[in-house]
2 protein chains.
Amino acid sequence: MPLKEDKKIVERSTRQQSSILEALYGVDEFKSAQDIHALLSKKKLKVGLATVYRTLQKMAEKEDIDAIKSVDGETLYRHCGQNDGHHHHLICSKCGLTITVEGPAIENWTEKVAKENGFREVSHKVDIFGVCKSCKKK
Amino acid sequence: MPLKEDKKIVERSTRQQSSILEALYGVDEFKSAQDIHALLSKKKLKVGLATVYRTLQKMAEKEDIDAIKSVDGETLYRHCGQNDGHHHHLICSKCGLTITVEGPAIENWTEKVAKENGFREVSHKVDIFGVCKSCKKK
DNA sequence: CTTTTATTGATAATGATTATAATTAGCAAT
DNA sequence: ATTGCTAATTATAATCATTATCAATAAAAG
């Protein structure tokens, strides 16, 4: 009896999903669903806007990609090179440059604070916004 | 010639602003602009929705109140008992219970990570979501 | 009281996201 | 290759929070 398969993002694979995946993996920045949709349109790849939203959402749920909320409320997605574990981002608010960082210190701290206060099932997301070196020069 | 005054949130004080302030200070949870507006309406205090948005925004800018974004994209506000400095929140995603915590460890870590990567003008916001003790029992 | 102009508020506009409902298309079985 | 089941897609309308508009109102100063 084979081990139970990982739950798949989707039950059926489609060209649309491939296109979206590919588009997202082609850039190293956080992009919104609208961005990806525009990007695909430019390439003459017709994919419905709703499909882009749905696909990105599902992938984020599955943690195959990272999701953050921009200051103006948009949800942005990005493929994470290292899909091996929990990590955080250092994001340049000028140019969007993103550096992935790990922080055992944070993990321990949040864990401790949560426990001290009787919280369970805690989740946290630490994304640091700032201005990167090259943007500062300008 | 007198010293330049601190920039005030507002140039003129109005009953609307007082009402909004009071309403927010009357609860110990994060509330949206819409929530506050509804709350005021219930008390027969007529304040325009736009005014609630504007006022809360300005107060948040001034850091007289805290602002976070809920998972579903709403901006939520809360008065912070301690207005003396930077702090974070432990928020129950079931009941909204909020505990204010400080984290020197976090401050140091973000500072260090940012510096290592040449980032300046960094800002971070660490809000931990989880389920509080009493909600867990249910 | 009168003037000046910050502030308000009703409402339209915006913009991201979600729901709807009809159509299309995986894919397993025939 | 064809069929059937139903996931997936798509165009479009609907939502919902938030912002812009701009005339009306009311602080604060003179």
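Chain letters run A, B, ... following the sequence lines, proteins first, then strands; residues in each count from 1.
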Any side-chain donor-acceptor pair under 3.5 Å between [X] and [Y]?
{"X": "B:H87", "Y": "B:D66", "answer": "yes"}
{"X": "B:D64", "Y": "B:H79", "answer": "no"}
{"X": "A:S18", "Y": "A:R15", "answer": "no"}

Quiz prompt | A:A60: side chain to side chain contact (heavy atoms under 4.5 Å, CB included) partners, not counting sequence neighbours | solution = A:I65, A:A67, A:Y77
Self-check item: Stretch residues 34-48 of chain A: residues that reach within less than 4.0 Å of DNA chain D through a heavy atom
Solution: A:K46, A:V47, A:G48
Practice problem: Side chain of A:K58 only, please: which of D:dA17, D:dA8, C:dT17 is the nearest? | Solution: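 Selected nucleotide (nearest to the side chain): D:dA8.
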Practice problem: Would you mind telling me which of D:dA17, C:dA16, D:dA8 lies closest to the side-chain atoms of B:E74? | Solution: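 Of all the options, the side chain of B:E74 is nearest to D:dA17.
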Exercise. May I ask you to check whether B:H124 and B:H86 place their ring centres under 6.0 Å from each other?
Key: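 Here the rings of B:H124 and B:H86 have centres that are less than 6.0 Å from each other.
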Quiz item: Could you run down nucleotides 20-30 of chain C 5' to 3' and tag each one B, S or - for protein heavy-atom contact under 4.0 Å?
Solution: -----BBS---
For a quick test of your reading: what N or O donor-acceptor pairs under 3.5 Å do the side chains of residues 36-44 of chain A make, sequence neighbours left out?
{"unit_1": "A:H37", "atom_1": "NE2", "unit_2": "A:V47", "atom_2": "O", "d": "3.1"}
{"unit_1": "A:S41", "atom_1": "OG", "unit_2": "A:H37", "atom_2": "O", "d": "3.0"}

Self-check item: Distance in angstrom units between B:L76 CG and D:dT18 C1', rounded
Solution: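 B:L76 atom CG is separated from D:dT18 atom C1' by 14 Å.
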Self-check item: Nearest-Å distance for atom pair CG/C1', residues A:D72 and D:dT18
Solution: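 It is 11 Å, rounded to the nearest whole Å.
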Exercise. Using five pairs at either end of the helix from C:dC1-D:dG30 to C:dT30-D:dA1, determine the angle between the two local helix axes and round it to 10 degrees.
Key: 30°
Quiz item: What does B:T75 touch in the nucleic acid at a heavy-atom separation under 4.0 angstrom: a base, only the sugar-phosphate, or nothing?
Solution: sugar-phosphate
Name each donor-acceptor pair under 3.5 Å that joins a side chain in residues 128-138 of chain B to protein atoms two or more places apart or in another chain, with its distance.
none

Self-check item: Nearest heavy atoms of A:I91 and A:G96, plus distance in Å
Solution: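 Closest approach of A:I91 to A:G96, heavy atoms only: CG2-O, 4.5 Å.
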Quiz item: Is there side-chain contact between A:E74 and A:I68, with heavy atoms separated by less than 4.5 Å?
Solution: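 Not touching, per the 4.5 Å side-chain cut-off.
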